[in-house]
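Heavy atoms only: backbone and side chains are in, while hydrogens, waters and symmetry mates are out.
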2 protein chains.
Amino acid sequence: MIDTWITQLRKGLLEYCVLTVLARGESYGYEIVAELSRFEEFSVTESTIYPILARLRQEKYLKVRDVPSGLGPTRRYFSLTAIGKVRLAEMNNHLHKIDTAISHLKSPPRKDTGHESDT
Amino acid sequence: MIDTWITQLRKGLLEYCVLTVLARGESYGYEIVAELSRFEEFSVTESTIYPILARLRQEKYLKVRDVPSGLGPTRRYFSLTAIGKVRLAEMNNHLHKIDTAISHLKSPPRKDTGHESDT
DNA sequence: TAGTGCTACCTCGCGATGCGAAGTAGCATC
DNA sequence: GATGCTACTTCGCATCGCGAGGTAGCACTA
């Protein structure tokens with residue numbers, strides 16, 4: 001099942017996406033869901049995003065600001081903390097390395113040309 | 001924990017890596033472990049790879065060829081089947097889309113310039 | 001014969017996550 | 001008062017990565 005694979009592939013990646021969206025400025029759960037869902041590959045529901053936000057907040061990567069919107073329940077705005085930004089930078093770095101590694105996997109560094117001697 | 005994140009991020013990705021390695025030619029579990037472990041980001045053990053190989057085989061993405069190596073236990077060579085190649089192509093396609101989506105997430109397509117009219 | 005070490009394979013069980021399903025609640029419209 | 005949108009929250013299942021542990025063939029050594 002390719003769907004299953006996609007679900008698995010999202011693990012961890014969605015956390016990164018949430019941080020990436022918040023790097024552009026504060027936002028709240030419902031809006032993040034809408035923003036990510038603009039991309040078919042990141043189509044999500046609240047049951048996916050809210051636990052992520054709660055976790056990131058608990059880990060101190062996000063801070064919260066409750067804002068009563070005169071149009072429905074109070075909005076809970078999230079924004080990156082200092083260590084949240086560091087975390088995102090680390091993630092970017094790691095993803096870049098993965099990208100590089102995959103490129104190498106596709107075209108191996110010619111482990112054997114048939115004959116060679118030194119290191 | 002960044003380690004936890006990395007573990008989560010690997011989900012699905014390692015399956016892709018295995019297929020990518022096999023796209024270069026047949027190989028066996030122990031060798032695939034060594035090959036992937038050349039990259040720190042993909043450092044794995046047998047307990048990670050063998051279940052993946054078993055799953056991919058069961059899904060008919062891989063076929064098997066047992067070859068008694070006169071140097072230890074019989075090697076179980078895996079290689080891509082026709083649908084395995086299709087699967088890999090789909091994965092490449094999906095990963096490319098994800099890449100694109102992430103780029104857009106980082107720099108949003110200017111959702112509002114202050115004024116615009118049409119649909 | 002017994003011990004160590006490398007190759008090579010397989011399985012169990014835990015922890016973390018994504019996500020469908022379901023629930024709560026404020027405001028608006030019909 | 002019923003429907004519908006906004007907005008947040010929790011439960012429970014399925015999947016996967018991976019440490020720990022096990023089996024087995026061959027080689028070398030004492």
Side-chain angles (χ1 to χ4, degrees), chain A residues 1-19 26-37 40-59 62 64-78 91 94 98, chain B residues 1-19 26-37 40-59 62 64-78 91 94 98:
Chain A
M1 288 293 181
I2 194 99
D3 316 19
T4 306
W5 177 68
I6 291 176
T7 295
Q8 295 305 317
L9 196 62
R10 284 167 168 231
K11 294 184 188 235
L13 204 56
L14 287 176
E15 187 174 310
Y16 169 76
C17 289
V18 167
L19 289 177
E26 67 173 10
S27 184
Y28 53 97
Y30 201 74
E31 191 180 54
I32 294 174
V33 168
E35 173 62 17
L36 290 181
S37 295
E40 193 173 350
E41 312 304 318
F42 292 142
S43 181
V44 290
T45 64
E46 291 108 307
S47 58
T48 298
I49 294 305
Y50 283 108
I52 290 176
L53 288 170
R55 209 171 60 234
L56 289 173
R57 183 193 182 187
Q58 194 181 324
E59 307 268 343
L62 300 183
V64 162
R65 188 168 69 94
D66 284 353
V67 177
S69 73
L71 183 143
T74 298
R75 285 179 185 163
R76 172 156 287 186
Y77 279 90
F78 293 87
M91 286 173 151
H94 189 83
I98 285 180
Chain B
M1 289 293 181
I2 193 99
D3 316 20
T4 306
W5 178 68
I6 291 177
T7 294
Q8 296 304 316
L9 195 62
R10 284 166 168 231
K11 295 184 186 226
L13 204 57
L14 287 176
E15 186 173 311
Y16 169 76
C17 289
V18 167
L19 290 176
E26 67 174 8
S27 184
Y28 53 98
Y30 200 75
E31 191 180 53
I32 294 174
V33 168
E35 172 62 17
L36 290 181
S37 294
E40 193 173 351
E41 311 305 316
F42 292 141
S43 180
V44 290
T45 65
E46 290 110 306
S47 59
T48 299
I49 295 304
Y50 283 110
I52 291 176
L53 288 170
R55 209 171 61 234
L56 289 173
R57 182 193 182 188
Q58 194 180 324
E59 306 269 344
L62 300 183
V64 163
R65 188 169 70 92
D66 285 352
V67 177
S69 74
L71 182 145
T74 297
R75 284 181 186 162
R76 174 156 284 185
Y77 280 90
F78 292 87
M91 285 172 151
H94 188 82
I98 285 180

Checklist entry - Counting just side-chain N and O atoms, does Tyr28(B) come under 4.0 Å of either OP1 or OP2 of dA8(C)? => result yes

Checklist entry - Atom CD of Glu15(B) and atom C1' of dG17(D): how far apart are they, to the nearest Å? => result 12 Å

Checklist entry - Tell me: NZ of Lys11(B) to C1' of dC14(C), nearest whole Å? => result 11 Å

Item to check | Nucleotide dC18(D), atom P - distance to CG of Leu9(B) in whole Å | outcome: 11 Å

Item to check | Sugar-phosphate or base contact per nucleotide [nucleotides 20-30 of chain C; S, B, -; heavy atom under 4.0 Å] | outcome: BB---BBS---

Checklist entry - Distance from Leu62(A) atom CG to Phe78(A) atom CZ, nearest 0.5 Å? => result 7.0 Å

Item to check | Student check: side-chain heavy atoms of Ile98(A) and Leu9(B) closer than 4.5 Å | outcome: yes

Item to check | Interatomic distance, Arg55(A) CZ vs dT9(D) P [rounded to whole Å] | outcome: 15 Å

Next on the checklist: Contact between Arg76(B) and Leu53(B) at the side-chain level, heavy atoms closer than 4.5 Å - yes or no?
Outcome noted: no

Checklist entry - Hey, what's the ring geometry for Tyr16(A) with Trp5(B), parallel, tilted or perpendicular (30° and 60° as the breaks)? => result tilted

Item to check | Any Arg75(B) side-chain N or O less than 4.0 Å from OP1/OP2 of dC9(C) | outcome: no

Checklist entry - Could you state the CG-P distance from Leu56(A) to dA16(C), rounded to the nearest angstrom? => result 15 Å

Checklist entry - Any side-chain N or O of Tyr50(A) less than 4.0 Å from the OP1 or OP2 oxygen of dC8(D)? => result yes

Checklist entry - Closer than 4.0 Å, any side-chain N/O of Arg10(B) to the OP1 or OP2 of dC18(D)? => result yes

Item to check | Heavy-atom check, side chain of Thr45(B) versus side chain of Val33(B), under 4.5 Å | outcome: no

Checklist entry - Hey, is Arg55(B) close enough to Glu15(B) for a salt bridge, meaning N to O under 4.0 Å? => result yes

Checklist entry - Please give, in whole Å, the distance from dC19(C) C1' to Phe42(A) CZ? => result 16 Å

Checklist outcome for this item: Taken to the nearest whole Å, CG/Leu53(B) to P/dC9(C) is 9 Å

Checklist entry - So does Arg76(A) get a side-chain nitrogen or oxygen closer than 4.0 Å to the phosphate oxygens (OP1/OP2) of dT9(D)? => result yes

Next on the checklist: Looking at Tyr50(A) and Tyr30(A), would you say the former's side chain and the latter's main chain have a donor-acceptor pair under 3.5 Å?
Outcome noted: yes

Next on the checklist: What is the distance, to the nearest angstrom, from the CD atom on Glu31(B) to the P atom on dA8(C)?
Outcome noted: 8 Å

